[in-house]
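Note on naming: letters A, B, ... go to the chains in the order of the sequence lines (proteins, then strands), and numbering restarts at 1 for each one. Worth saying up front: this structure is predicted, and the values here are computed from it rather than measured.
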Amino acid sequence: MVVRRAEGAVQARELADDGTTVAGTLVPADRFAAFVAGRERAPVRWVWDDTTRWYPALLEGGVRIERCTDLRLAHAVLRRSPFVDQSLLAGEQTAGWDALQPVTAADPALFPVADPADRLDPVAEHERQQVALAASVHAQRLALLLAAESSGALVAAEMTHTGLPWRADVHERLLTGLLGPRSSAGGRPPVLERLLGEIRAALGAPLLNPDSPGELLRALRTAGLPVTDTRSWSLEQLDHPAVPALLEYKKLSRLLQANGWTWLETWVRDGRFRPTFLPGGVVTGRWASSGGGALSVPTQIRPAAVADEGWRFVVADVAQLEPRVLAGMSADAAMAEAARATDLYQGMVAGGAVAARAEAKVGILGAMYGGTRGESGRMMPRLARRYPRAIGLVEEAARAGERGEVVHTLLGRGSPLPAGGWARRPVDPGEPPDDGGSAEDRDRARRAWGRFTRNFVVQGTGAEWALCWLADLRNRLWRLGGAGALGRRPHLAFFLHDEVVVHAPEHLADAVVAEVQAAAATAGRLLFGSFPVDFPLDVAVVGSWGDAG
DNA sequence: CTGACTTGCGCC
DNA sequence: AAAGGGCGCAAGTCAG
């Protein structure tokens with residue numbers, strides 16, 4: 001069913017099996033939610049321009065849908081995929097689809113005025129996408145990616161709708177305990193005020209504002225300290241009476257600015273934290289977020305996320321997702337064998353690849369992030385001998401990036417092309433060949449891009465695993481849960497790259513644990529088939545997020 | 001004054 | 001001498 005906004009109404013067109021549209025219906029806007037609810041009684045896929053423009057209003061109306069095709073997200077994937085013949089996506093509206101942005105504002109209006117999306121034809125775009133998909137040598141993988149991406153869009157909207165249960169009173173108690181009572185008119189709370197006094201005295205700088213990196217750096221140097229920046233890690237290396245107070249000040253000041261009383265007032269309403277999640281918001285395919293720094297909620301304040309009375313959180317995260325994904329996508333049997341253990345790094349020790357867990361960890365992280373020198377560099381030859389396919393895959397991705405080529409994830413998400421002049425091929429004989437500065441600058445940029453593409457393939461495939469996990473779990477939770485609206489059943493409340501928080505009635509918590517596990521197994525099979533790589537979860541049933549892990 | 005950039009730090 | 005990827009956010013800084 002393809003839907004399109006049409007002047008206070010919705011035009012809905014049935015899709016035939018061959019992809020052509022048949023009957024069309026015009027549904028008044030105020031009856032659309034009921035129309036959708038009615039159609040959901042039988043299996044149906046909603047094809048629409050962009051989930052953020054449709055689903056929030058349906059959820060407000062109490063309607064949950066089973067599946068959709070999000071043309072905006074699918075378009076973005078297909079346009080960059082090296083598995084796709086780009087000429088098949090060309091059309092007069094291609095630029096319009098390229099430019100389409102999600103709507104993030106909590107705008108209750110289903111039909112915002114002058115939305116550029118309204119000029120786009122979803123039927124034509126859907127048809128182009130289907131043709132491009134069918135012609136691809138990796139149609140199945142891409143189809144899985146598009147389905148997972150669309151499912152992710154539904155999850156994201158649902159999580160914003162239900163929100164993460166958040167106890168303002170617990171949060172405030174936490175803040176007061178660490179900072180002292182909130183001070184009025186933008187002044188520092190008492191604990192920060194006291195630390196400020198200590199810092200100023202110890203540095204002999206009575207007017208110092210430690211929030212200014214420049215001022216602080218000058219004050220430290222005047223006090224005779226050999227520093228070039230003011231990062232906590234650098235300050236920790238110094239032996240000076242001002243340092244402990246300064247480190248404490250930085251930590252608490254960060255808490256106050258990022259997740260203090262202002263954050264609480266801005267982002268927590270009616271006992272729920274409701275950030276906006278942006279599926280596909282990161283080039284690798286990871287989600288981004290906006291509002292309240294959702295993907296970096298510090299562990300410090302997680303105790304304020306408390307399940308409702310009679311409800312529990314099921315918190316699950318994948319141990320060492322990315323190295324496991326690397327083992328799977330490279331079909332490296334030796335690394336997959338190490339991944340059979342709950343702790344992959346320990347498994348590498350047991351397999352004889354390295355002598356100690358710490359070596360395994362720093363070596364693998366270096367292989368995935370591009371740390372080729374120092375401790376991790378020293379491990380590389382040994383890892384490459386022991387895990388030739390896994391290490392070979394990331395090395396090849398790095399080399400391809402250094403040559404300015406596109407790399408791709410397992411399911412076919414393509415990396416962007418580098419923007420710098422170092423990689424640009426001459427387009428026109430008259431064009432200057434390069435704008436990249438000195439040879440060293442170009443080499444540095446080339447290596448940096450190689451580190452990016454090296455990480456892209458692993459981080460991106462990890463994101464694909466997580467999307468499949470999330471999508472399958474969403475359906476399992478729905479089937480688990482009796483009747484009623486989304487928020488009255490077990491539901492996903494939060495997602496952070498490789499971790500989910502499910503909010504569920506207490507009596508269903510154990511069943512949720514089983515579903516979370518089953519969904520992880522499904523995700524592994526969807527991506528890697530019968531190749532034996534495990535994705536063990538750390539799962540906790542808790543009353544508060546702070547009690548997990 | 002606004003907007004763009006840098007710095008630093010939280011998360012994965 | 002150091003040399004790791006991806007983000008969002010807030011404050012400071014600086015240019016216009």
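At a threshold of 4.0 angstrom between heavy atoms, the contacts of A/Arg286 include nucleobase atoms, whether or not backbone atoms are also involved. Across all strands, A/Arg444 comes closer than 4.0 Å to no nucleic acid atom at all (heavy-atom distances). If you check every strand for non-hydrogen atoms under 4.0 Å, A/Gly281 touches nothing. Within the 4.0 angstrom heavy-atom criterion, only backbone atoms of the sugar-phosphate kind lie near A/Gly292; the bases stay farther away. If you check every strand for non-hydrogen atoms under 4.0 Å, A/Ala288 touches sugar and phosphate atoms only. Among the heavy atoms of the strands, none lies under 4.0 Å from A/Leu255. When heavy atoms are screened at a 4.0 angstrom cut-off, A/Val297 is found touching the sugar-phosphate backbone but no base atom.
Atom CG of A/Leu178 and atom P of B/dG10 are 14 Å apart (whole Å). Following rounding to the nearest Å, A/Gln459 (CD) and C/dC7 (P) show an atom-to-atom distance of 7 Å. Rounded to a whole Å, the CD atom of A/Glu402 is 14 Å from the C1' atom of C/dG4. In this structure, CG of A/Leu278 is placed 8 Å from P of C/dG8, rounded to the nearest angstrom. A/Gln257 places its CD atom 17 Å from the P atom of B/dC11, with the value rounded to the nearest Å. Straight-line distance from the CG atom of A/Leu235 to the P atom of B/dT7: 15 Å, rounded to whole Å. The CG-P distance, from A/Leu252 to C/dA11, rounds to 16 Å in whole Å. Counting to the nearest Å, the C1' atom of C/dG6 and the CZ atom of A/Arg413 are 13 Å from each other.
A/Ser232 has a side-chain polar atom (N or O) that falls below the 4.0 Å cut-off from OP1 or OP2 of B/dC9. Put simply, A/Lys250 has a side-chain N or O that comes within less than 4.0 Å of OP1 or OP2 on B/dC9. For A/Ser296, no side-chain nitrogen or oxygen approaches OP1 or OP2 of B/dC12 to under 4.0 Å. The side chain of A/Arg254 places no N or O atom within less than 4.0 Å of a non-bridging phosphate oxygen (OP1 or OP2) of B/dG10. Using a 4.0 Å cut-off, no side-chain N or O of A/Asn259 falls inside it from OP1 or OP2 of B/dG10. Side-chain nitrogen and oxygen atoms of A/Thr230 include at least one within less than 4.0 Å of the OP1 or OP2 phosphate oxygen of B/dG8.
Side-chain atoms of A/Asp343 and A/Gln320 include a donor-acceptor pair closer than 3.5 Å.
When distances run from any side-chain atom of A/Val282 to the nucleotides B/dG10, B/dC12, C/dC7, the shortest one goes to C/dC7. Comparing B/dG8, C/dG12, C/dG5 by their closest approach to the side chain of A/Arg231 singles out B/dG8. In the set C/dG6, C/dG5, B/dC11, C/dG5 carries the atom at the smallest distance from any side-chain atom of A/Tyr369.
Between B/dC9 and C/dA3, the two P atoms lie 16 Å apart (nearest whole Å).
When atom types are taken as modelled, the side chain of A/Ser150 and the backbone of A/Asp70 share a donor-acceptor pair closer than 3.5 angstrom. Checked by atom type and distance alone, the side chain of A/Thr52 pairs as donor or acceptor with a backbone atom of A/Val103 at under 3.5 Å. The main-chain N or O of A/Val349 is never found under 3.5 Å from a side-chain atom of A/Arg357 such that the two would form a donor-acceptor pair.
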Do A/Arg188 and A/Tyr249 pass the side chain to side chain donor-acceptor pair (under 3.5 Å) test, and can you show the C-alpha distance, the side-chain angles, and the key distance before you say yes or no?
CA-CA 11 Å; A/Arg188 293 181 176 85; A/Tyr249 179 92; 2.9 Å; yes

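Between A/Arg274 and A/Glu158 there is no salt bridge, since no side-chain N of the basic residue sits under 4.0 Å from a carboxylate O of the acidic one.
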